[in-house]
**Student:** 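Before anything else, here's the structure in question.
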Amino acid sequence: MTKTRIHTCPVCGKPADEEHRPFCSARCRQVDLSRWLKEVYVVPGDETLPPAGSGEDDDD
């Protein structure tokens, strides 16, 4: 017997739709994108390093 895993939308928790997976709708996909763009979500890293391409500490 194989269990079928039901994926849920990370934004609202409803079942994911294949067309918008892992989200349930285009709206939740846009909400997630907006959160990334507003830096609500961030990937942890070393804040002491200058941003890539900033010209600081770049090797010539």
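Below, each value reflects all heavy atoms present in this structure, side chains not excepted, and no hydrogens, waters or symmetry copies.
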**Student:** I need the minimum non-hydrogen distance between Ile6 and Pro15, along with the two atoms involved.
**Tutor:**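 In terms of heavy atoms, the two residues are closest at CG2-CB, 4.4 Å.
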**Student:** Identify the heavy atoms of Phe23 and Cys9 that sit nearest to each other, and give their distance.
**Tutor:**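 Looks like CA-SG, 3.9 Å.
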**Student:** Let me confirm one number: the SG-CZ distance from Cys12 to Arg27, rounded to the nearest 0.5 Å.
**Tutor:**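 Interatomic distance, Cys12 SG to Arg27 CZ, rounded to 0.5 Å: 8.0 Å.
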**Student:** Would you name the heavy atoms of Arg21 and Ala16 that are closest together and state the gap between them?
**Tutor:**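 Nearest pair, atom of Arg21 first, then Ala16: CG-CB, 4.5 Å.
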**Student:** Could you state the interatomic distance from OG (Ser25) to CD (Glu19), rounded to the nearest 0.5 Å?
**Tutor:**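 The OG atom of Ser25 sits 10.0 Å away from the CD atom of Glu19.
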**Student:** Heavy-atom distance under 4.5 Å between the side chains of Val11 and Arg35, does that happen here?
**Tutor:**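 Yes; the side chains approach each other to less than 4.5 Å.
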**Student:** Do Asp32 and Trp36 make a side-chain contact, defined as non-hydrogen atoms from C-beta onward lying under 4.5 Å apart?
**Tutor:**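 Yes, side chains in contact.
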**Student:** Any heavy-atom pair between the side chains of Lys38 and Ser34 that's under 4.5 Å?
**Tutor:**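 They are in side-chain contact.
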